[in-house]
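Notes follow the structure.
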Amino acid sequence: MKTLDKIPVNKIERAGQLVKTGFKVGGNYIAYYGEKIVNPSLTKEKLNENNAEDIYDGLKNLKGSALKVAQMLSMDKNIMPRAYVEKFSLAQFSVPPLSAPLVRKTFKKYLGMFPEELYDSFTPDSVNAASIGQVHKAAKDGKKLAVKIQYPGVADSISSDLAIVKPFAIKMFNLQGKDSERYFKEVEHKLLEETDYELELRQGVAIAEACSEIVNLKFPKYYPELSSKKIISMDWMEGEHLSEFAAHNEDRAKGDKIGQALWDFYMFQMHQLKQVHADPHPGNFLIDGEGNLIAIDFGCIKHVPEDFYVPYFELAKPEIIDNPVLFLEKLYELEILRHDDTKEEIAYFSQLFHQLLHLFTKPFQREAFDFSDEEFFGEMTQLSEEYSKDSKLRKMNGNRGSKHFLYINRTFFGLYSLLHDLKAGIDTENYKKYMKN
């Protein structure tokens, strides 16, 4: 794989790359509609493949928040066409890495020494490159280490990247410009946190300690003396990415065991810690030879305020969902309904979220749930497709829900997707044995 000697960091360079990508996508549409005239039965499958290829190629050299968006979209298997999911999923752990000279320059700037001066051995070629940083193998005092290095200029380009993306997002989701600012600020805040490796190290240490009693769950040890704001050194953990393991695993018991550890990990964080690992994609989890789950990335941690936590989980209770008065009350508390809504909007969004929540909260309403259930995921896909094509929804004010929904919903959709990949059956109440009063 080719390496990068430079990453565009200023706004003009990055905007130019995105505009160039836009022209390619436009050309793909022209070609598609021209061919459609000759062949009316032509589907959008090839168009989606070409667009996904061109968009990913345009983003992978930019890295940072632009590529992070692609990574986030790859988790939306129920919404995104398959071609986009498959191509954008590469952003999780397979993009062009930095060249060796640029890596050495980063070490000198942030730790005052070159990598060969800090470690007993250091592999100049990265073993894993994603949206914000890349990982190298190293060794120190007989220990194998994973060293994560952040790409230059990532933090500085976040605000400008989002400014470029914002007009498209507002149009796509029919957001009201002024009211939508809180959503963009939430994304910007979390992306900036992910570029603070000192914060990630503290979060990783704290969560590993808090979750140490959860069975079949492991964490790397971190080394602050070999870390900085842009570099993290931790134990090298042997294992496969979760998606790679799930693709070949035929041992249902092992899938159940790993899935249970994953569920317990997330429920314990949510209900005990009131904060959660909000980036549940396969690149952030490994499976070792003994079938243990290893969590390796804590850059994106979402804190869950009490005034959101309480009504959010109350909506998982049938006695709330099926009580029209209480149900509406919770929708207002969570800002899904607004006091300036019309009667039509109240009726429409009440019905929409009643249908969504009845389906989405099924795992919470049972003592055991089988995430290999294709009917459950088929219903989720069908519902997503129905509302994506609903012209009435596009005409209504799209600013729906507390800003906290952005990362909490992303967390649960990602968790469900991982459990589905594992084909795991889980005990939904098992996490409670780890809870402390």
Salt bridge check, [Y] against [X]: does any charged N sit closer than 4.0 Å to a carboxylate O?
X: Lys432; Y: Asp264; result: no
X: Asp235; Y: Lys144; result: no
X: Glu290; Y: Lys257; result: no

Taking the six-membered ring of [Y] as reference, does the cationic atom of [X] (NZ for Lys, CZ for Arg) lie under 6.0 Å from its centre and within 45° of its axis?
X: Lys230; Y: Tyr197; answer: no
X: Lys423; Y: Phe371; answer: no
X: Lys274; Y: Tyr309; answer: yes

Single hit among Arg182, Lys330, Lys403 for salt bridge (Lys or Arg N to Asp or Glu O under 4.0 Å) with Glu335: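 Of the listed options, the one satisfying the test is Arg182.
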
Is the gap between the ring centers of [X] and [Y] under 6.0 Å?
X: Phe122; Y: Phe107; value: yes
X: Phe369; Y: Phe376; value: yes
X: Phe412; Y: Phe364; value: yes
X: Tyr431; Y: Phe265; value: no
X: Phe285; Y: His241; value: no
X: Phe353; Y: Phe327; value: no

Using distance alone, with no hydrogens and no angle criterion, decide if [X] and [Y] have a side-chain donor and acceptor under 3.5 Å apart.
X: Tyr119; Y: Ser233; answer: yes
X: His248; Y: Glu250; answer: no
X: Thr123; Y: Asp125; answer: no
X: Gln260; Y: Asp256; answer: no

Would Gln355 and Leu359 count as a side-chain contact (heavy atoms from CB on, under 4.5 Å) if you check the C-alpha gap in whole Å, the side-chain angles of each, and the deciding distance to 0.1 Å? CA-CA 7 Å; Gln355 190 176 12; Leu359 177 60; over 6 Å; no

Candidate pair Gln203 and His277, rule side-chain contact (heavy atoms from CB on, under 4.5 Å), full reasoning: CA-CA 10 Å; Gln203 290 175 160; His277 181 295; over 6 Å; no

For Trp263 and Thr428, indicate whether the former's side chain and the latter's backbone hold a donor-acceptor pair under 3.5 Å.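 The answer is yes, because a donor-acceptor pair under 3.5 Å joins these two groups.
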
Is a side-chain N or O of His136 found less than 3.5 angstrom from the main chain of Val127, in a donor-acceptor match?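 Not at all, since once roles are kept as given, no pair shorter than 3.5 Å links the two residues.
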
Within a radius of less than 6.0 Å around CD of Glu375, do more than 12 heavy atoms belonging to other residues, nucleotides or ligands occur?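 Atom CD in Glu375 is not packed in, count stays at 12 or less.
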
Is it true that, when you exclude Lys105 itself, more than 12 heavy atoms of the residues, nucleotides or ligands shown sit nearer than 6.0 Å to its NZ?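 Result for NZ/Lys105: open.
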
Are Tyr110 and Gln150 side-chain neighbours, meaning at least one heavy-atom pair lies under 4.5 Å?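 When only atoms from C-beta onward are counted, Gln150 and Tyr110 do not touch, as no gap falls below 4.5 Å.
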
Would you say the side chain of Leu145 lies within less than 4.5 Å of the side chain of Leu226, judging by non-hydrogen atoms?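 Answer yes - side chains close enough.
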
Nearest atoms (heavy-atom pairs only) where Ile294 meets Glu238: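 Closest pair (atom of Ile294, atom of Glu238, distance): CD1-O, 3.7 Å.
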
For Ile296 and Met234, work out which heavy atoms get closest and say how close.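 Looking at all heavy atoms of both residues, the shortest contact is O-SD, 4.2 Å.
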
In terms of ring plane angle, is the pair Phe268 and Tyr434 parallel, tilted or perpendicular, where the classes change at 30° and 60°?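 Correct class here is perpendicular.
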
Mind checking whether Tyr312 and Phe405 have parallel, tilted or perpendicular rings, split at 30° and 60°?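 It falls in the tilted class, 30° to 60°.
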
Can you name the residues that form a side-chain hydrogen bond (donor to acceptor under 3.5 Å, both in side chains) with Lys190, not counting sequence neighbours?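 Listed in chain order: Glu193.
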
